[in-house]
A.B. asks: 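Before I ask anything, let me first share the structure, which is written out below as structure tokens.
Start at 1 and go down the list; that is how both ligands and their atoms are numbered.
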Amino acid sequence: MLLTIDNFTVSYGRHRVLDNISLELPQAAVGLLGPNGAGKSTLIKAILGLLKPESGNGRFLQFELGKNDKRIRQYVGYMPESECLIPGFSAVQYVSYVAQLNGMGRREAFKRAHKVLYLVGLGEARYRNLDTYSTGMKQRLKLAQAIVHDPHLIFLDEPTNGLDPDGREEMLDLIREIARIENRCIILSSHLMRDVERCTEYLVIMDQQKIKCSGYIKELCAGQAHRYRLRVNRDHKQAAEILRGKGLTVDHVSEREPNFEVMLDGGIHARDLFRHLTDAGIQIRQLIPRNYTVEEIYRKHVHINANAGEANGI
Ligand SMILES: Nc1ncnc2c1ncn2[C@@H]1O[C@H](COP(=O)(O)OP(=O)(O)OP(=O)(O)O)[C@@H](O)[C@H]1O
């Protein structure tokens, strides 16, 4: 296990943000998904020892949380959501400074700083004063300081915040590249489903101070029992009507593609579909189990009000 948390409770004053949560994370690329204010950043800070839980304990690799904070931070990189840059520094000064804070010697720190700045695409701008950086460049710089000491686990808190669509795609590509490095795990916290879907394989959904669900995305999204996507050779709307007329549940009839979804339950078999449609001269080209999307999993666990769709990346 990468990380285990048992009965963590964290509050800001009287405001409880994590309520007795327990979690086990495998060595994987993990997506931490939840609406604004769900407690994602708070969880990360508590794991890093930046906030003290009122109760509970946990382990990161072989280290007990809360007792080995300095040691843990050598194995962990953190790209915070908030601004963490030092005004007046150049990028190379800043990143090498962070490397030294993580215990690296001065020479080695500068060497690594140059390397990671090239990796995140800031090689040409590495001597520039970071106050002159654009938002996209600052996000890349925050990523560079998180990986400079080659950590085992990298926390990425809302890494695409403030980026335009191109910048966002580039950042997600970069994260995927970094996550592919052997023995490297990431925990990507976001309220944007697409970011999590693009970069991670294991999902944790948080809402209202609780962990609502966790598991490998593949398993969470595995086929819904009885629900199939059906593609036909022609006139799929007529095909859908025919099956409805036979008492089957049909929905998601596509406007553009010749397909729709059908439930095979209550004693109805695939052969019945073939029979009903062949009688009307329509052939079935494909019949495949329909998987959940991450969005559907999310909606199952998190109440989304009508105006929050955009904020949740839906
Ligand atoms: N320093 C603080 N003092 C008091 N309350 C805080 C503090 N930091 C966060 N909170 C509150 O704790 C709750 C959880 O905040 P947190 O930042 O952990 O959520 P989040 O899931 O990371 O949200 P976002 O996606 O907006 O970053 C929110 O209600 C927030 O207002």
Side-chain angles (χ1 to χ4, degrees), residues 3 5-23 25 29-56 58 60 65-66 69 72-73 76-85 135-136 138-139 142-143 145-146 153-164 167-168 171-172 175 185-200 202-214 294-295 297-314:
L3 187 72
I5 291 167
D6 290 315
N7 304 325
F8 247 40
T9 294
V10 179
S11 303
Y12 294 106
R14 284 209 196 140
H15 180 31
R16 181 159 289 187
V17 179
L18 302 179
D19 186 12
N20 203 30
I21 64 165
S22 297
L23 184 64
L25 295 182
V30 176
L32 190 53
L33 197 57
N36 292 123
K40 306 179 296 293
S41 303
T42 303
L43 176 61
I44 292 175
K45 286 177 191 162
I47 294 168
L48 286 167
L50 302 173
L51 283 173
K52 208 163 169 44
E54 285 158 65
S55 65
F60 165 69
L65 296 183
D69 294 341
I72 287 173
R73 274 182 236 157
V76 169
Y78 177 37
M79 177 180 177
E81 184 180 8
S82 54
E83 186 85 44
C84 62
L85 308 175
T135 307
K138 284 183 178 170
Q139 286 297 87
K142 276 160 62 175
L143 178 60
Q145 63 79 33
L153 169 65
I154 307 162
F155 285 103
L156 304 158
D157 199 354
E158 304 281 356
T160 59
N161 252 8
L163 300 184
D164 62 26
R168 190 166 151 222
M171 177 58 79
L172 294 177
I175 291 170
C185 301
I186 63 166
I187 297 183
L188 187 157
S189 160
S190 180
H191 62 283
L192 298 171
M193 249 167 267
R194 283 187 289 266
D195 287 10
V196 165
E197 248 176 323
R198 278 274 304 275
C199 299
T200 65
Y202 193 92
L203 182 64
V204 177
I205 296 179
M206 290 183 74
D207 190 29
Q208 299 179 337
Q209 307 142 9
K210 296 274 189 199
I211 304 287
K212 295 289 183 176
C213 141
S214 66
V294 168
E295 181 184 329
I297 303 289
Y298 186 81
R299 280 179 186 279
K300 239 170 49 171
H301 295 282
V302 177
H303 172 72
I304 305 173
N305 68 41
N307 301 323
E310 201 179 330
N312 284 297
I314 297 166

A.B. asks: So, taking the atom named NZ in Lys40 and the one named CG in Asp157, what distance separates them when rounded to the nearest 0.5 Å?
C.D. replies: 7.5 Å

A.B. asks: So which pairs with a foot in residues 6-16 pass salt bridge (charged side-chain N to carboxylate O under 4.0 Å, His left out), sequence neighbours left out?
C.D. replies: Arg16-Asp19, Arg16-Glu54

A.B. asks: So which residues, sorted by chain and number, lie with a heavy atom under 4.0 Å of ligand 1?
C.D. replies: Tyr12, His15, Val17, Pro35, Asn36, Gly37, Ala38, Gly39, Lys40, Ser41, Thr42, Glu81, Glu158

A.B. asks: I need the Thr200 OG1 to Leu33 CG distance, nearest 0.5 Å.
C.D. replies: 8.5 Å

A.B. asks: Could you list the residues that satisfy ring-ring contact (aromatic ring centres under 6.0 Å, His included) with Tyr202, not counting sequence neighbours?
C.D. replies: Tyr216

A.B. asks: Which residues pass the salt bridge (charged side-chain N to carboxylate O under 4.0 Å, His left out) test with Arg198, sequence neighbours left out?
C.D. replies: Glu169, Asp173

A.B. asks: When rounded to the nearest 0.5 angstrom, what is the spacing between CG in Leu172 and CG in Leu163?
C.D. replies: 8.5 Å

